[in-house]
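Everything below concerns the one structure shown next.
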2 protein chains.
Amino acid sequence: MNAQPLSGDQRLPIYQRLADILRRDVTEGRLRPGDRVPSDNELSHAYELSPGTVRKALDLLVQEDLFERFHGRGTFVRRPSFDASLFRFFRFRTPDGTKSVPEGRILRRTREKVPSYIARQLKIPEGDAAISMSRLRLIDDVPIVAEEIWLPLQRFEAFLDILTEDVGNLLYPVYDEVCGQLIAKAEESLTAEAASAETARLLRIETGSPVMMIDRLAKGYDGTPMEWRRSRGRADLFHYHTEIR
Amino acid sequence: MNAQPLSGDQRLPIYQRLADILRRDVTEGRLRPGDRVPSDNELSHAYELSPGTVRKALDLLVQEDLFERFHGRGTFVRRPSFDASLFRFFRFRTPDGTKSVPEGRILRRTREKVPSYIARQLKIPEGDAAISMSRLRLIDDVPIVAEEIWLPLQRFEAFLDILTEDVGNLLYPVYDEVCGQLIAKAEESLTAEAASAETARLLRIETGSPVMMIDRLAKGYDGTPMEWRRSRGRADLFHYHTEIR
DNA sequence: TTTCTATAGTTCTATATAGAAGCATATAAG
DNA sequence: CTTATATGCTTCTATATAGAACTATAGAAA
């Protein structure tokens with residue numbers, strides 16, 4: 001209730017320093033996805049700032065997609081959806097046109113020594129053990145995407161205790177519930193290649209036919225790398241559309 | 001100098017109506033790329049609005065990437081670069097690491113009856129004549145991307161009068177100078193396919209090896225379709241990177 | 001139960017004002 | 001000719017204030 005002093009670099013504008021504070025409140029768990037952020041009024045009293053300054057800070061965080069505001073209801077921490085993912089552009093649709101989450105089937109889950117490239121991506125020591133998975137995503141039993149997934153053992157040990165059959169079609173909610181790990185953002189990179197014999201077998205296509213390859217490094221709110229994933233999908237079912245200016 | 005009334009739908013907020021006016025000033029050519037926009041002060045006097053409201057309108061247009069502001073210098077209409085294009089993600093680089101515009105070589109330029117799919121994209125009557133081009137883009141004489149380009153005859157007739165040898169490595173400046181047509185934005189869509197015999201010959205790769213295919217519909221400020229383009233490039237030289245949240 | 005109404009909270013819009021900070025140009029000083 | 005200084009412009013930050021518009025809830029009325 002009492003007024004708090006603004007922390008942070010004095011040379012920065014006040015609204016940026018307030019935004020930094022609220023950003024940290026999220027990354028350090030004091031504000032969780034779905035939570036209500038204190039109202040403009042509450043913040044302006046708590047930090048003894050004019051409402052316009054508070055509003056500017058919140059506007060910044062809304063622009064960053066960290067918060068979302070609802071007229072008359074309040075300001076909330078946005079739940080990260082991964083709709084913007086490149087995955088969205090595989091033509092994942094059932095014959096009747098309804099969009100649905102494709103089935104996710106874990107083919108293998110083992111404890112392995114992590115390859116050095118992936119160790120660097122996940123920022124764990126080379127030679128450490130990690131969880132390795134092979135996963136297939138299907139629509140109506142037709143395989144669309146084959147995935148290779150690596151998880152750091154330290155954070156995800158509990159994931160080994162549950163049955164792969166009990167894992168649903170989405171992994172990130174399981175990471176949250178079983179391991180307490182929240183995925184907040186990710187980097188993805190895309191290229192195409194000719195299908196290897198292994199990939200062709202999984203996707204039931206000809207060896208050498210084109211496949212899209214998407215690498216994803218998923219991270220927590222604080223930027224810690226959480227999951228590395230390489231997905232290969234049939235190129236003929238992939239279509240990415242964008243507007244440029 | 002005198003105060004002008006705000007046009008537009010009375011029910012909309014003032015700052016949105018001012019933004020609409022300025023947006024139209026651009027689409028209708030009263031403000032051209034690179035031009036200076038009247039200062040906050042001039043606008044607030046001209047429309048009799050408080051400076052805060054004017055600023056909010058300009059902020060909106062900056063967010064849309066239509067304007068850019070420079071502290072102490074002024075506000076300007078942004079020159080559309082096409083850096084965000086998917087093209088950027090072909091590894092266009094010379095051995096010494098310096099980035100450069102790849103060479104553009106026009107292989108063919110003819111007057112053709114436009115295929116119906118492209119007619120629909122360009123919004124011209126089916127069966128109309130149009131300019132058809134085949135173009136190759138190379139780095140150090142190594143072909144990277146092969147392009148098929150269609151232009152509506154009506155706007156681009158003057159383009160037929162110049163020698164293809166005189167066309168430089170960039171087409172859009174030529175469209176502007178020779179035909180007075182400004183490209184402002186574009187839609188692109190990306191997929192991958194196996195190289196046809198023709199594509200393989202142009203790119204000097206094996207038939208059937210994977211190529212990235214990018215379709216682009218380029219438009220003017222008012223949204224009029226200007227150019228349709230299909231580009232095929234070696235998939236092994238393509239790499240797209242993005243961040244999602 | 002259902003429907004209306006008042007109320008207190010929220011975000012959103014708009015105004016007015018003041019000064020800081022950055023940039024470009026003209027002018028003065030060396 | 002070169003360098004400093006002053007000036008007038010620009011955008012940027014911050015405050016204070018007022019009311020509109022929207023939402024949820026509680027309580028009254030039908």
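Just so it is clear: chains get the letters A, B, ... in the order the sequence lines come, proteins before strands, and each one is counted from 1.
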Taking the basic N atoms (NZ, or NE/NH1/NH2) and the acidic carboxylate oxygens, is any pair closer than 4.0 Å for [X] and [Y]?
X: B/D35; Y: B/R78; answer: no
X: B/D20; Y: B/R23; answer: yes
X: A/K185; Y: A/D65; answer: no

Does the protein touch nucleotides 5-10 of chain D at the base, only the backbone, or not at all? Give it as B, S and - per nucleotide, heavy atoms under 4.0 Å. -----B
Taking atom types as modelled, is there a side-chain donor on B/T224 or B/D222 under 3.5 Å from an acceptor on the other? yes
Under 3.5 Å, is there a donor-acceptor pair between the A/H241 and B/E187 side chains?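 Present: a donor and an acceptor within the cut-off.
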Any B/F156 side-chain heavy atom under 4.5 Å of B/Q181 side chain: yes
So for the helix from C/dT1-D/dA30 to C/dG30-D/dC1, with five pairs setting each end axis, what is the inter-axis angle to 10°? 10°
Check step by step if salt bridge (Lys or Arg N to Asp or Glu O under 4.0 Å) holds for B/R69 and B/D40. CA-CA 11 Å; B/R69 321 190 75 173; B/D40 294 15; 2.6 Å; yes
Mind running side-chain contact (heavy atoms from CB on, under 4.5 Å) on B/V37 and B/F76 for me, showing each step along the way? CA-CA 5 Å; B/V37 178; B/F76 301 83; 5.7 Å; no
Nucleotides bounding contact with chain B, strand DNA chain C, heavy-atom threshold 4.0 Å: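 Both ends considered, the range comes out as C/dT13 to C/dA24.
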Which atoms form the tightest heavy-atom contact between A/N169 and A/R135, and what is the distance?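 Here A/N169 and A/R135 meet closest at O-NH2, 2.9 Å.
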Tell me the interatomic distance from B/L43, atom CG, to D/dC12, atom P, rounded to whole angstroms. 14 Å
Classify the ring geometry of A/Y240 against B/Y240: parallel below 30°, tilted from 30° to 60°, perpendicular beyond 60°. tilted
When A/L49 and B/V37 are each assigned the nearest nucleotide of DNA chain D, the 5'-most assignment goes to B/V37
